[in-house]
Amino acid sequence: MVIENPSATGASHDDAERYDFQAIQDKWMPIWEDLKPYQSDIEGDKRPRKYVLDMFPYPSGDLHMGHAEAYALGDVIARYWRQQGFNVLHPIGWDSFGLPAENAAIKRGLDPREWTYDNIEQQRTSMKRYATSFDWDRVLHTSDPEYYKWNQWLFLKMYEKGLAYRKASWVNWDPVDQTVLANEQVLPDGTSERSGAVVVKKKLTQWYFRITDYADRLLDDLRQLEGSWPAKVIAMQRNWIGRSIGADVDFTIEGRDEPVTVFTTRPDTLYGATFMVVAPDSDLAQDLVASGPSDDVRRRFATYLADVQKSSETERQATDRPKTGIFLERYAINPVNGERLPIWAADYVLADYGHGAVMAVPAHDQRDLDFARAFDLPIRIVVDTLQPVTGAIPVLQGDELPDDWPSDINEINPAKTGLALAGEGRLINSGPLDGLSKSNAIRKIIEILESAGTGRPAKNYRLRDWLISRQRYWGTPIPIIHGADGAEYPVPEDQLPVLLPPTEGLNLTPKGTSPLGGAEDWVNVPNPVDGSPALRDADTMDTFVDSSWYFLRFLSPNDETKAFDPREVDKWAPVDQYVGGVTHAILHLLYARFITKVLFDLGYVSFTEPFSALLNQGMVLMDGSAMSKSKGNLVRLSDQLDEHGVDAVRLTMAFAGPPEDDIDWADVSPAGSAKFLARAWRLVGDVTSSPEVNWRDGDRALRRVTHKFLAEAPGLIESFKFNVVVARLMELVNAARKAIDSGPGGGDPAVREAVETVALGLSLFAPYTAEDMWARLGYEPSIANYGWRGADASLLTEETVTAVVQVDGKVRDRIEVSPKIDGAALEEAARALPSVARSIGDREVVTVVARAPRLVNFVTKPAS
RNA sequence: GCCCCCAUAGCCCAAUUGGCAGAGGCAGACGACUUAAAAUCGUCACAGUGAGGGUUCGAGUCCCUCUGGGGGUACCA
């Protein structure tokens with residue numbers, strides 16, 4: 001509020017000098033709406049292109065502080081490249097399919113469409129108020145039939161290539177949301193990332209994308225991203241894919257025709273195998289139990305299996321759980337020495353990793369050892385790991401061990417210590433492998449197995465195929481028709497999209513099968529081949545499918561004939577800079593990378609990585625923890641915007657620290673940001689020169705500060721040091737203020753130059769304030785379309801610099817020298833200083849380290 | 001358990017990549033303006049860089065060990 005002071009003669013002047021963020025926002029928002037300064041598809045635009053993409057939001061209610069941070073930072077980058085003369089594509093849309101809409105709709109008895117599009121409208125309004133520089137002509141919503149039609153197209157392309165398939169398998173089942181979940185949606189504690197319910201296993205026939213076919217490429221191509229993606233994200237993806245290198249070994253089974261193949265990373269320990277373990281819930285276990293063992297074992301196995309399946313994921317993952325298992329009364333034959341190995345079923349072996357069976361080497365694997373000790377099975381050491389190798393690690397270098405290698409095996413006998421010997425060592429008890437180091441033994445045993453035809457090198461991945469079907473309404477229908485003959489018939493492309501049926505008459509309440517199945521008119525269709533009665537697939541796709549290619553749709557969002565226009569893709573893609581939360585470090589980014597590689601293989605795009613550079617912003621916390629209503633520490637964005645203004649909130653986001661760090665809202669000061677903006681804005685009122693003045697005539701000291709900023713800011717922005725740029729802007733504002741109040745005064749051309757530079761710099765962070773300053777400085781809107789100014793190199797070199805004079809590394813004096821001084825001259829000048837002579841005293845100078853013009857260091861020793 | 005990151009002033013954070021530990025801000029103290037307050041302007045104080053060792057003429061920065069905090073992943077054979 002402006003408080004009138006009737007006694008002041010310059011009341012109107014005071015009014016004008018009052019920084020009123022609300023008035024400034026109200027003034028410029030409609031003008032920008034009209035000017036559209038951020039359009040990116042202008043015909044004949046010759047500027048080089050940049051594609052700056054923010055992760056699009058899910059429309060759950062209004063924007064929150066997290067959005068405010070992400071979009072402020074993404075906007076700095078987009079505005080920066082625009083200012084650097086690039087044609088910037090900075091689009092926005094909504095990831096608008098998904099469970100929250102459906103759950104909210106069920107709760108309130110609404111159509112999910114209504115809830116979704118109302119929220120989108122609210123977010124759109126907030127984003128515009130927030131001055132995000134999006135190109136509003138390219139908006140997409142994944143829940144629009146115009147969008148999800150192309151999800152279906154993508155599905156069909158993958159189906160044709162065999163990359164989309166259906167299989168029955170034990171899947172993660174969320175008993176609250178009543179739907180299956182991808183592995184990626186189950187948290188480490190075994191609960192659903194969405195509902196928080198404890199996930200259980202259920203055997204269901206579901207649709208999968210064959211992402212494991214791409215595991216090697218997804219892993220190896222990460223190397224291309226090093227340096228441009230946060231190392232943390234790359235590490236997380238590597239971890240998630242989890243490639244293990246080893247060998248497959250075939251074991252013949254007594255009384256069975258087919259051998260059992262096991263995967264192992266330690267084929268060198270094959271001679272130490274004393275039993276075999278199969279996953280109880282595997283088909284293999286079923287098969288082994290079906291014939292051979294006694295009825296008693298069969299019964300006990302059935303009980304065991306039932307127990308295993310009842311146990312929750314959480315229980316099963318507790319690593320300190322005692323080992324359990326059942327001997328199946330079957331035997332495997334070790335291919336290298338013909339030994340009979342008893343076969344057990346135990347739940348520490350997973351059905352869906354490797355082949356669901358392992359060769360157990362208790363001496364060298366902790367899990368096998370725990371099991372062997374629990375069931376009194378033999379333990380045979382085949383690697384002598386005594387004296388953990390230090391220093392030169394001789395066993396890694398060759399086959400010979402030092403002569404003094406001690407071999408008192410009893411001291412480390414796993415049977416006694418309970419500790420498996422996993423380390424380096426020399427092979428023993430292993431026939432042809434004896435004496436070899438671990439790595440050499442691995443190489444040799446694989447050769448032996450290969451020539452015998454009983455083994456081969458193999459790789460395995462932690463990554464599983466991507467389960468994409470969901471038993472819910474608010475998603476993309478899967479474009480498959482199931483014939484009466486049980487076969488799958490893809491919906492012909494010209495019949496896309498398969499529209500979601502209206503919600504009227506449907507019961508959306510989760511019940512374990514898709515609500516779409518209840519839409520009689522929709523689900524019953526003629527077989528596309530022969531017209532016989534058939535049923536639509538009633539499942540919908542995981543919404544991560546939607547977001548796995550949306551960055552391509554932005555390039556031609558209104559194209560009705562194809563998913564994306566290859567000419568536009570060539571122009572813009574891949575994304576130059578992607579900005580979003582680290583919460584998507586695995587899921588979304590892995591899926592988008594996968595789909596990009598698929599599209600590359602199908603010939604639709606010419607690149608294999610979708611996002612050339614990635615910036616992960618941190619989270620916005622309050623009092624040390626994530627904001628939530630239940631914790632009572634929620635800070636409402638709209639309140640912050642009302643109180644401090646859009647620009648102050650945006651500036652605070654940029655200034656709080658490095659963008660990838662979390663911001664604790666309790667530690668930062670939007671009021672301080674507002675104060676700074678007001679201070680910057682008020683500078684304009686003190687600029688009394690006209691826009692035509694010649695800056696060269698201005699005060700040199702202030703000009704130097706201005707040009708130092710002009711020189712430094714671009715590099716800082718490009719390395720995401722937004723907080724430092726803001727600090728530099730504050731310095732520049734302080735310098736300009738000083739020049740006005742106690743220097744050459746507001747009429748000096750350097751003051752205008754400095755203030756204009758402040759406006760240009762500020763336009764990245766505080767667009768309203770900057771635009772208003774720009775107008776008051778005498779320019780036409782929009783400041784977003786004025787380029788950056790180059791620094792004048794002649795103003796960057798100081799006339800003198802301060803050189804530090806050290807004696808034995810301690811600072812003893814400082815001298816002002818020319819920046820062009822050479823080492824000898826610097827040394828000479830320093831030596832002449834009385835302080836230096838005093839410090840050296842009667843000691844002898846041994847070396848002089850001169851780093852002109854900054855530093856000279858006299859290194860001394862006592863006089864001899 | 002394994003892998004990764006971080007630690008600088010009361011607080012948030014800088015430090016030209018091995019060269020004077022401090023750019024900026026918050027909070028604080030004092031002063032100017034004011035009848036007073038707010039706003040504004042100005043001045044000031046505060047750490048030797050989590051601990052220990054090493055390399056170096058010189059270490060916040062590089063190496064090793066440890067402590068504390070954060071993250072990822074985990075019967076994945």
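Letters A, B, ... mirror the listed sequences (proteins, then strands); counts begin at 1. Nothing here was measured: the structure is a model prediction, and the numbers come from that model.
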Pick the [atom1] atom in [N] and in [M], then give their distance to the nearest Å.
| N | M | atom1 | value |
| --- | --- | --- | --- |
| B:U8 | B:G52 | P | 16 Å |
| B:A7 | B:G54 | P | 23 Å |
| B:U49 | B:G72 | C1' | 28 Å |
| B:C63 | B:U56 | C1' | 12 Å |
| B:A39 | B:A32 | C1' | 14 Å |
| B:A36 | B:G25 | C1' | 30 Å |
| B:A45 | B:C5 | P | 38 Å |
| B:A38 | B:G19 | C1' | 47 Å |

Using Watson-Crick or G-U wobble geometry with both distances below 3.5 Å, tell me the partner of [N], or none.
| N | result |
| --- | --- |
| B:U65 | B:A51 |
| B:G60 | none |
| B:U73 | B:G1 |
| B:G31 | B:C41 |
| B:A21 | none |

[X] has an atom [atom1]; how far is it from atom [atom2] of [N], in whole Å?
| X | N | atom1 | atom2 | value |
| --- | --- | --- | --- | --- |
| A:Leu677 | B:A39 | CG | C1' | 16 Å |
| A:Arg462 | B:C76 | CZ | P | 11 Å |
| A:Leu732 | B:G25 | CG | P | 13 Å |
| A:Asn734 | B:A23 | CG | P | 13 Å |
| A:Arg728 | B:U16 | CZ | P | 10 Å |
| A:Lys721 | B:A23 | NZ | P | 17 Å |
| A:Asp368 | B:A77 | CG | C1' | 7 Å |
| A:Asn723 | B:A15 | CG | C1' | 12 Å |

Seminar exercise, completed: Syn within 90° of 0, anti beyond: B:G53 is anti
For this session: If the glycosidic angle is within 90 degrees of 0 it's syn, otherwise anti, so just tell me which one B:U17 is.
Result: syn
Heavy atoms under 4.0 Å, any strand shown: does [X] hit a base, just sugar-phosphate, or nothing?
| X | value |
| --- | --- |
| A:Asp664 | nothing |
| A:Asn239 | base |
| A:Ala235 | nothing |

Which residues share a side-chain contact (heavy atoms from CB on, under 4.5 Å) with [X], sequence neighbours left out:
| X | value |
| --- | --- |
| A:Asn857 | A:Gln806, A:Val849, A:Leu855, A:Val859 |
| A:Ala666 | A:Met622, A:Asp623, A:Asp664 |
| A:Pro457 | A:Ile446, A:Glu450 |

Problem set entry | All ring-ring contact (aromatic ring centres under 6.0 Å, His included) counterparts of A:Phe676, not counting sequence neighbours | none
Exercise. Does atom CZ of A:Arg854 have more than 12 heavy-atom neighbours, drawn from other residues, nucleotides or ligands, at distances under 6.0 Å?
Worked result: no
Problem set entry | Contact nearer the 5' end of RNA chain B, comparing A:Lys738 with A:Pro658 | A:Pro658
Problem set entry | Most 5' of A:Ala231 and A:Leu716 on RNA chain B, judged by nearest nucleotide | A:Ala231
Polar atom pairs (N or O), protein with nucleotides 6-8 of chain B, under 3.5 Å:
none

Can you tell me which nucleotide in [options] comes closest to the side chain of [X]?
| X | options | answer |
| --- | --- | --- |
| A:Arg679 | B:C13, B:G42, B:C76 | B:G42 |
| A:Met730 | B:A23, B:G71, B:G25 | B:G25 |
| A:Lys675 | B:U40, B:A77, B:C13 | B:U40 |
| A:Met236 | B:G24, B:G72, B:A14 | B:G72 |
| A:Leu350 | B:C75, B:G71, B:C76 | B:C76 |

For this session: Please state whether the base of B:U16 and the side chain of A:Arg854 form at least one donor-acceptor pair under 3.5 Å?
Result: yes
Exercise. Is A:Arg464 side chain donor-acceptor paired with the B:C76 base, going by distance under 3.5 Å alone?
Worked result: yes
For this session: State whether a side-chain donor-acceptor pair under 3.5 Å links A:Asp250 with A:Thr454.
Result: no
Exercise. Does A:Ser244 have a side-chain nitrogen or oxygen under 4.0 Å from the phosphate oxygens OP1 or OP2 of B:A77?
Worked result: yes
Exercise. Closest approach of A:Ala680 and A:Val733, non-hydrogen atoms and distance?
Worked result: CB-CG2, 4.0 Å
Problem set entry | Pairs involving residues 266-275 of chain A, ordered by first then second residue, that meet side chain to side chain donor-acceptor pair (under 3.5 Å) (sequence neighbours left out) | A:Arg266-A:Asp268
For this session: Please lay out, stage by stage, how A:Arg679 and A:Asn734 fare under the test side-chain hydrogen bond (donor to acceptor under 3.5 Å, both in side chains).
Result: CA-CA 9 Å; A:Arg679 193 169 148 83; A:Asn734 291 344; 2.5 Å; yes
Exercise. Can the positive tip of A:Lys323 be found less than 6.0 Å from the middle of the six-membered ring of A:Phe375, inside 45° of the ring normal?
Worked result: no
Seminar exercise, completed: Protein heavy-atom contacts under 4.0 Å, written 5' to 3' over nucleotides 53-62 of chain B as B (base), S (sugar-phosphate only) or - (none), form the string ----B-----
Kindly list each side-chain donor-acceptor pair under 3.5 angstrom involving residues 718-730 of chain A, sequence neighbours excluded, with atom names and distances?
{"residue": "A:Glu718", "atom": "OE2", "partner": "A:Tyr80", "partner atom": "OH", "Å": "2.4"}
{"residue": "A:Ser719", "atom": "OG", "partner": "A:Gly715", "partner atom": "O", "Å": "2.8"}
{"residue": "A:Ser719", "atom": "OG", "partner": "A:Leu716", "partner atom": "O", "Å": "3.4"}
{"residue": "A:Arg728", "atom": "NE", "partner": "A:Glu712", "partner atom": "OE1", "Å": "2.9"}
{"residue": "A:Arg728", "atom": "NH1", "partner": "A:Glu731", "partner atom": "OE2", "Å": "3.2"}

For this session: Identify, with sequence neighbours excluded, every residue that meets side chain to side chain donor-acceptor pair (under 3.5 Å) alongside A:Arg243.
Result: A:Asp216, A:Asp220
Exercise. With a 4.5 Å limit on heavy-atom distance, are the side chains of A:Arg593 and A:Leu225 in contact?
Worked result: yes
